[in-house]
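Everything on this sheet refers to the single structure shown next.
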Amino acid sequence: MNASKSRLTPRKTPRQERSAATCAAILEAAARILETSGSAGLTTNHVAVLAGVSVGTLYQYFPAKEAILAELVRQMRQDMLADFVGAVREAEGKGLTRAVDAMVSASLRHHLRRPALAQALEHEELELKLDKETVQLKADMRDLIVGVLRDHGVDQPERTAFDLMSLSRGIVDAAVRAGERDFDDLQARLRRAVAGYLGILA
């Protein structure tokens with residue numbers, strides 16, 4: 001493992017309940033700091049104090065603050081993927097309009113949970129070298145969307161899924177960078193854009 005990759009990877013995976021609780025406390029402390037102070041306020045010392053552990057204990061799990069950030073990004077991504085899996089299940093046996101509603105809602109759910117954290121992590125995501133993981137996540141999400149489009153008889157489902165993902169990411173990224181917090185309005189606009197692309201009633 002090269003040096004840059006090792007800084008983004010936890011030192012060990014907690015297997016006992018106490019270790020898992022310690023690791024979770026470290027990650028939650030880092031998340032709270034990101035929400036209130038951004039990455040500028042995130043130091044391993046600050047995280048350790050807020051988590052109620054020693055810096056030495058923190059370093060048993062994470063070799064650097066980048067590893068903590070990378071793990072938070074991974075958690076966010078897994079939550080996003082789980083949201084899309086849930087949306088696909090919700091759309092089963094229903095029309096394309098309902099499927100669009102479910103997938104658009106899923107694409108924004110991580111912002112609704114903790115908006116400030118989601119924005120901070122999406123900024124950090126651009127700085128971290130998680131290219132292989134990013135490719136895999138996009139492939140998993142694209143496969144889910146392709147399946148829904150194919151089930152509803154949409155032409156060229158692979159290309160359409162690529163376009164819809166690009167369109168959605170562009171709109172959401174621009175809105176979040178502009179400081180928007182009205183996610184109900186953003187969801188309505190995103191839904192109109194996706195529905196318009198697919199040629200269905202918004």
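Side chains included, hydrogens not; waters and symmetry mates left out as well; all remaining heavy atoms used.
- Nearest heavy-atom pair across D173 and E122 is OD1-OE1, 3.9 Å.
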Using residues 80-93 as the side-chain source, report each donor-acceptor pair under 3.5 Å to any protein atom, sequence neighbours left out, with the distance given to one decimal.
residue, atom, partner, partner atom, Å
D83, OD1, R113, NH2, 2.6
D83, OD2, R113, NH1, 3.2
D83, OD2, R113, NH2, 2.9

TODO: Applying side chain to side chain contact (heavy atoms under 4.5 Å, CB included), run through T160 and L198 and close with a yes or a no.
DONE: CA-CA 8 Å; T160 300; L198 292 171; 3.8 Å; yes

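- Not a single ring pair (Phe, Tyr, Trp, His ring centres under 6.0 Å) links H152 to another residue, sequence neighbours left out.
- No side-chain donor-acceptor contact under 3.5 Å links S168 to the backbone of V104.
- Residues satisfying the side-chain hydrogen bond (donor to acceptor under 3.5 Å, both in side chains) test with Q75, not counting sequence neighbours, are none.
- Applying the side chain to side chain donor-acceptor pair (under 3.5 Å) test to residues at least two apart or on different chains, the pairs with a partner in residues 174-186 are Q119-R181, E180-R189, D185-R189.
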Only distances under 3.5 Å count here; give the side-chain donor-acceptor pairs of residues 28-36 to other protein atoms, sequence neighbours excluded, each with its distance to 0.1 Å.
residue, atom, partner, partner atom, Å
E28, OE1, R114, NH1, 3.1
E28, OE2, R32, NE, 3.1
E28, OE2, R114, NH2, 3.2
E35, OE1, R114, NH2, 2.9
E35, OE2, R114, NE, 2.8
E35, OE2, R114, NH2, 3.4
T36, OG1, R32, O, 3.0
T36, OG1, I33, O, 3.3

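- K94 contributes no side-chain N or O that, together with a main-chain N or O of A99, makes up a donor-acceptor pair within less than 3.5 Å.
- Under the 4.5 Å side-chain heavy-atom criterion for grouping Ile, Leu, Val, Met, Phe, Trp and Tyr, V49 is not connected to I68 through any hydrophobic cluster.
- Side chain of H46 to main chain of G41: a donor-acceptor pair is present (N/O by atom type, distance under 3.5 Å, no hydrogens or angles).
- Looking at residues two or more places apart in sequence or on another chain, you find no side-chain hydrogen bond (donor to acceptor under 3.5 Å, both in side chains) involving R142.
- The main-chain N or O of V53 is never found under 3.5 Å from a side-chain atom of T57 such that the two would form a donor-acceptor pair.
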